[in-house]
There are 2 protein chains.
Amino acid sequence: MALRHAVLAALLDGETNGYELAKTFDVGVANFWYTQPQQLYAELTRLEKDGLISGREIVQDNRPNKRVFRVTDAGLAELDDFAAASAKPSFVRDDLLVKVQAADHVDPAVLIAQLDERATFAQAKIDLFEQLLRSMRGERTEEEFLHEGDRIGPYLTCLRGLAFERGNRDWCRNTITILRHRQAATAQR
Amino acid sequence: MALRHAVLAALLDGETNGYELAKTFDVGVANFWYTQPQQLYAELTRLEKDGLISGREIVQDNRPNKRVFRVTDAGLAELDDFAAASAKPSFVRDDLLVKVQAADHVDPAVLIAQLDERATFAQAKIDLFEQLLRSMRGERTEEEFLHEGDRIGPYLTCLRGLAFERGNRDWCRNTITILRHRQAATAQR
DNA sequence: TTCGTCATGTAATGCGTTACATGATTAA
DNA sequence: TTAATCATGTAACGCATTACATGACGAA
């Protein structure tokens, strides 16, 4: 019962179709919600049936037709209710952290490789988020934009995503350094 | 297929029962995995059936009996395989971020209240993690412990949790400041 | 002619959440 | 006597993932 709200919030930026939305959920929105395309299509169908969004078909030449959706007044009301309800604590689920938790019992080389991969991935997201932020604020400075802009929601969540990925990257790098140091110490004995 | 590994990794710290494990999953382990007690009991049963952990009953007076588990060799092997397999990208799911994404369409006062609540919660976790880290490293400095300690997995994941919660707290506070500023600007008009 | 992009789904299965259930002990 | 702690579950439902399916266009 929460994906619906994530979809509603994402649709506030204007009419879109499932395909576009799926891409958004794979990059920007993915800092706070992630899901597969299939679920989006299913959720869009449900949301439309419940009257929280309304869709219309756009006929295209040379391309498959697409269904675009926008949030209805009922949808906005639903978002209001959701915002007022107490939020569940956020949760992270991360395979990599599970592996590090078992660090003393698994092969360090394997861990280091995965941490390195994650650090690279995090850096790529950092670059992407910085670019996204620049394009959202345009000519303005961040401060100006946040004070005067009229659509700051996505900017604020993107800032959280950016900080999160920086944290990821830095932690991965630190952890690699520590594991390497221990590898060297063990090899010496 | 991933809760099993989180449970296995958590059981590396020694024999425990479901109840104790549930508490761990509510605090420390909760930085990288979260789940309800019911699922833990179910997962423990499954893991035992699959031979990855073995349990024994401890009869207690004045208390309900309990079943404690430890990881078997097969369980360790399973963890090894898991560590070697490529990790899925981590994901965050956060109601509060969904609400902030919709910031321009919902009542700022409500958002501010929730952000404030979250900042307080994050601070509480920060305090808890700092205490946990101190107790894990004992008399040693962090550097000494990470170089010489023989069980650093939980320490490393706790460091990530700490950084995460600091990020949460700081972002909440910043976001509150921005929303308040905008409220004041709007009131003036 | 092969791959990537656009575009939307169904079906089966498995994982996760909510609600419900029990029952004794100890501290306030 | 009320609430918290200890201790473990079942049952129903709903959400999420994986695999499968289709089909046309444009670029290499």
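Per chain, numbering begins at 1; letters A, B, ... match sequence-line order.
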Salt bridge A:K66-A:E20, side-chain N to carboxylate O under 4.0 Å: no
Separation of D:dC15 P from A:R4 CZ (nearest whole Å): 8 Å
Residues in contact with DNA chain D, drawn from residues 10-21 of chain B - heavy-atom cutoff 4.0 Å: B:N17, B:G18, B:Y19
Main-chain N/O of A:Y34 paired with B:R93 side-chain donor or acceptor, under 3.5 Å: yes
Global bending angle along the helix from C:dT1-D:dA28 to C:dA28-D:dT1, which compares the axes of five pairs at either end, to 10 degrees: 40°
B:D50 side-chain N/O to B:L52 backbone N/O, donor-acceptor pair under 3.5 Å: no
Side chain to side chain donor-acceptor pair (under 3.5 Å) partners of B:R137, counting only residues at least two apart: B:Y155
DNA chain D-proximal residues of residues 35-45 of chain B, any heavy atom under 4.0 Å: B:Q38, B:Y41
Using residues 77-87 of chain B as the side-chain source, report each donor-acceptor pair under 3.5 Å to any protein atom, sequence neighbours left out, with the distance given to one decimal.
unit_1 : atom_1 : unit_2 : atom_2 : d
B:E78  : OE2    : B:H5   : NE2    : 2.9

Lys/Arg-Asp/Glu bridge criterion (N-O < 4.0 Å) met for A:R166, A:E130: yes
Distance below 4.0 Å between B:K23 side-chain N/O and D:dT5 OP1 or OP2: no
Within residues 48-69 of chain A: residues closer than 4.0 Å to DNA chain C (heavy atoms): A:Q60, A:R63, A:P64, A:N65, A:K66, A:R67
Side-chain donor or acceptor of B:T35 paired with backbone N/O of B:W33 under 3.5 Å: no
Distance, rounded to the nearest Å, where A:R46 contributes CZ and C:dT10 contributes P: 11 Å
Gap between atoms OH and C1', on B:Y34 and C:dC15 respectively (whole Å): 15 Å
N-O pairing of B:D94 and B:R118 below 4.0 Å: yes
Within-4.5 Å side-chain heavy-atom neighbours: B:R173 and B:Q123: yes
Ion pair A:R140/A:E148, N-O distance below 4.0 Å: no
Flag, side chain of A:R182 to backbone of B:G149, donor-acceptor distance under 3.5 Å: yes
Whether B:T72 side chain and B:G51 backbone form a donor-acceptor pair below 3.5 Å: yes
Under 3.5 Å donor-acceptor, A:D104 side chain and B:G153 backbone: yes
